[in-house]
Each structure stands twice: as structure tokens, then as C-alpha cells.
2 protein chains.
Amino acid sequence: MRFNQGAIVTVRIKCLQCAVRLIAPCGAVSHETANELARIVHRRRIAAGQILNNTANQAQTFSIIVKGVVKIVDEHTDGHAQIVGLQFPSEFVGRPYAESARYLAEAATDLEVCSFAGPAFENLMRVHPDLELNILKRTLNDLDQARQWMSLIARKTAEERVAGLLLFIAGKLQADDAEPSNAVAFDLPLSRTEFAECLNLRLETVSRQFAALKAEGIIKTNRRRALQVCDLAGLKARAQV
Amino acid sequence: MRFNQGAIVTVRIKCLQCAVRLIAPCGAVSHETANELARIVHRRRIAAGQILNNTANQAQTFSIIVKGVVKIVDEHTDGHAQIVGLQFPSEFVGRPYAESARYLAEAATDLEVCSFAGPAFENLMRVHPDLELNILKRTLNDLDQARQWMSLIARKTAEERVAGLLLFIAGKLQADDAEPSNAVAFDLPLSRTEFAECLNLRLETVSRQFAALKAEGIIKTNRRRALQVCDLAGLKARAQV
DNA sequence: CGATGACTTGACTGAGTTCAAAAGCTGTGG
DNA sequence: CCACAGCTTTTGAACTCAGTCAAGTCATCG
């Protein structure tokens, strides 16, 4: 018993140091609920490309992202994949109240996550309405965001789509404390192929749009993934926002 | 007091006769919660084209659809509209826990709905966790469906998109008791223009796809909106499902 | 029955796809 | 440190499907 309590305290110290504590579900609930969550949490590192919600495994797992980016993927029967969303640090990944998730959650980058066994988490929601309310609000936000994503895919030109997705990712990866300056730099969490899978384009088209944006001095790239937005206003103009 | 109770009983008789009672949120909760809902409900008729969530009006309204179809619309600044979802009888329309809804909810057909004042409904959710749980489950379903819709928009050819949307609508409008036979008939809730707004196509393209499906004997149309699916398997094949 | 708006059909154009090949990173081992 | 293999990305050229513009046809309603 004493040993068990000790373990809990250890977890809670980790939690207090956690980068996403203040905005993640685990930190936005009552002290009591947070303690209960700490009791069942598993902190894990996951390599890029790994699947979070293994469908073969009967029991569902839910995760809170501490570090990295997760792709939500719809795999078509013909092998073509459509990325239907991205999840960023502090966000919740998983599908409560379903036998199995309809979409693959795949690590786009190396990940640090806090995971919970599905049934245990669902029980906790039932006992602690503040946790349930938090998940409800998150899901409502995810729904709004899914529809925003849809409108992105539905934009007319390839230029608008690519610029729009770059803006979306820049907004998510920019540290909250940074003022929205005219220059932003970050590492893209997605390959050209994945970019294309987000926007319903071919990778060649995405590459050409990147080239055009570079030629116009709106972005700079090097080492494949490193990206710098030089002209944020120009990017917004291309995205028609 | 007595008068008030009388009013409640009247409402509840209506509810007991209601077509969607068994599957709508108001019927899937405890007797006590259902009574509380009946106390604040307003049954309304709404004409096609009317907006349900008037943004000018400060207070949000939530609705349960009894009859008809609602479009969820993203209005771009350039006047172009993107339909990001459809809601059918028994489904919930509205955006709890937000100042104002980000998307227009517009009657696609004439409607019968049960409406609730936003704040009153949110209070009820707080007091009755079973209602909150029901709305959470519905929102999770809506999220899955939004992503399914996204995959529809993202299909390669116009033929796949049109066939896919026809299948989706057929599935929703088919009475639950009907066996999934090879022939289905119903009235389209959308104009060609709205079809195009769903699928990110032009109305001419939609029209041409309808013509092609008719020529192949897969569907029949008359009186513009009336539609009959003659070859369900063929339709599924075109939709690549 | 005629006016109005919704739908259909036709011809042409163009953005994005497709196929193909070259160039550029990245990591490994000699 | 360089050379090489294996990959991703870029660039090129031809093609194709949906978009655009325009002119019809058809329901529906007053």
C-alpha cells in the first residue's frame, strides 16, 4: 500500500514537470481526478511510423500526446491512404465507446505519449463528470477542426491547399508564448507524400507548389524537413484566408 | 404549478408518439432526464432554406431533428459554400460550449424539430450525466462521420464521389425496418447545386454523372428530386466501396 | 399558359495527374 | 573521409478529367 502510494507520487512529480500539463485533459480536471488518472497512466516513447491504436489488439488504448505529431489515417481498400486529421501535443488520441477505431492513429514523428487502457479510462469518465466534460469539449473541437480540414481539402487550387496546410501546421507548432511574428521556423512533421495524402493531391504537385512558394520568397527549406516562413502575410494571401 | 404540470404531460404525450423518440437523445436518457427535457422543449416547423443557428441572435439554440434534413455549411469569404455535413431525423444540431457556431445549420428541406435554449440545455447536461454521455457519444459519431465525408470528397473521380454520396443518403433515408434490398426509392433532399457543394464539384459535373448513372440503368429519376436506385450493387461498385 | 428558375447538354480549356528520369539527402562501411 | 546504395524529392513532358462558358430544355408555380 505504502509502496503503491510512493509510485503514485513519482508519477505526479513527472506530471508536474510535464510540458503539456496545463492544457491537456489530465491537467484541466480536479485534483482528485488527476490523481486517479496518474494511477493508471503509462508514459511511452513511440517511433515514427508505429500505429497507436492497434486494431488486432482487442482492447483500445487512449493517449495524450506529450511530444510529436500523430496522423489520423483512412486506409482505402485500394491501398490509397487519406489523412483525415493531425493531432499535436496536449491533444487526445483514441475513440471512446467503440469496439474498434475506424481510423488508424499513426506516429508521424517520434512520439512521447501518456497512454491509458480504454476500459479504465471510460470508467473514470463515468465516475468523474469533469473528465467526461473535458473529453466532450475536446471532441466538439475536433469536430470543428475536422470540418475546417475538409474545407481545406475542398479548396480550388493546389496553391491554396498547400499554403493552407502550411499555415495550419505553423499555427500548431508555433510555441504559444511566441508572438505571431512575420517569420516562423519549424520542422515539418510530414513528408511530401504525407502532405499529398492530407490535401488529396499527388506528391509531384505538392513539390511543385513548394518550389513556387520558394521562388516567390515566401518560404525557405533545407535539409528536407526544416522550413522557414519568410512572408507570413504572403502565405495567408495564397491560402485565401 | 398544477397548470405547469399539465403542460408537461401534454408535451410528453407528443413525445411518446414521436417518430424518433427511441433513438434521439431525448428518448435515450433516464425517465427523469426526459421529463426535464420535455419541460424546456419547443417543437417548431422550419421552412427549407431557413437558418437554425442564427449567428446574429446572441443565444445559441440546439435542436433534435424530427423530420427533414439539415445542411452544415461552411461559407467562404468569396461566396463559395462548402457543405461539410448533413444531419438527419433523430440527430442533434448545434454546438454546445461555444460562443457561436462556426458553421451554418441550414434547413435543406422543410423541417420539424424540437429545439432547446442553449444555456438551459447545457445546464441540464451538467446535472444529468446520462444526457452529457449521450451527447458525447453522438459527437464522437459525428466526428467519425465527418471524416468519412472527408474521404468521400477526397475520392479521385467525380463518378466515385457522386455514387458515394447517393449511397450515403440512401442509407440514411432508408427506413430502418426496410431490408437492404437491391432497389431503394426516396426523394433527394438536395439540389444539383447542393450536391456539388457537398462533393467539391461543379453542378454541371454532377448533372453529367447523374446522366451517366441513368444511362447505365443504375438509377432512375423523375420530377427532379425523386430518385430510384435500380442496381444497388452497381452503385456500390461505382463508389468503390 | 407563360414566366421563372433548375437542370441538361455541348465545346473548349487548363490545372493537376501520370509516367519517366534526374538530382539531392542520409546513413553505412571500407 | 569518401563512395556507394537506397531513399525522397525535384523536374520534365504528354495526357486527361473536370471546370468554364454558353445555349438549350424541362419542371413548377403563379
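First the proteins, then the strands, lettered A, B, ... as listed; each starts at 1. Because only heavy atoms are used, hydrogens play no part in the values below, and waters and symmetry mates are left out as well, while side chains stay in. Every value quoted in this text rests on a predicted model; they were computed, and no experiment measured them.
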Just checking [X]: base, sugar-phosphate only, or nothing, at a heavy-atom cut-off of under 4.0 Å?
X	result
B:Asn222	nothing
B:Arg224	base
B:Leu203	base

Using only side-chain N and O atoms of [X], determine if any of them is under 4.0 Å from OP1 or OP2 of [N].
X	N	value
A:Lys156	C:dA15	no
B:Ser207	C:dT8	yes
B:Ser191	C:dA6	no

Length of the line joining [X]:[atom1] and [N]:[atom2], which is rounded to integer Å:
X	N	atom1	atom2	answer
A:Leu227	C:dC25	CG	P	15 Å
A:Arg155	C:dG16	CZ	P	14 Å
A:Asn200	C:dA15	CG	C1'	14 Å
B:Arg202	D:dC17	CZ	P	19 Å
A:His80	C:dT17	NE2	C1'	13 Å
B:Asp187	D:dT28	CG	P	10 Å
B:Glu160	D:dA18	CD	C1'	14 Å
B:Leu201	C:dA15	CG	P	18 Å

> Looking at side-chain heavy atoms only, is the closest gap between A:Gln82 and A:Glu197 below 4.5 Å?
Replying inline: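 They are not in contact (no side-chain heavy atoms under 4.5 Å apart), so the answer is no.
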> Would a 4.5 Å heavy-atom cut-off, applied to side chains only, mark A:Asp142 and A:Gln87 as touching?
Replying inline: yes
> Do the side-chain N and O atoms of B:Ser115 and B:Arg44 include a donor-acceptor pair separated by under 3.5 angstrom?
Replying inline: yes
> Of A:Arg161 and B:Thr221, whose nearest nucleotide on DNA chain C comes first from the 5' end?
Replying inline: B:Thr221
>> Quick check: on DNA chain C, is the nucleotide nearest A:Thr157 upstream (toward 5') of the one nearest B:Arg192, or the reverse? Name the residue that is more 5'.
In response: B:Arg192
> Between B:Glu204 and A:Arg208, who's closer to the 5' end of DNA chain D by nearest nucleotide?
Replying inline: A:Arg208
> Which nucleotide sits closest to the side chain of B:Arg223: C:dG10, D:dT28, C:dT8?
Replying inline: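 When the side chain of B:Arg223 is considered, D:dT28 is the closest of C:dG10, D:dT28, C:dT8.
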>> Do B:Arg95 and B:Tyr103 form a cation-pi contact, if we require the NZ or CZ to be under 6.0 Å from the six-membered ring centre and within 45 degrees of the ring's axis?
In response: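 B:Arg95 over B:Tyr103 ring: no.
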> Can we call the ring centroids of B:Phe116 and B:Phe62 under 6.0 Å apart?
Replying inline: no
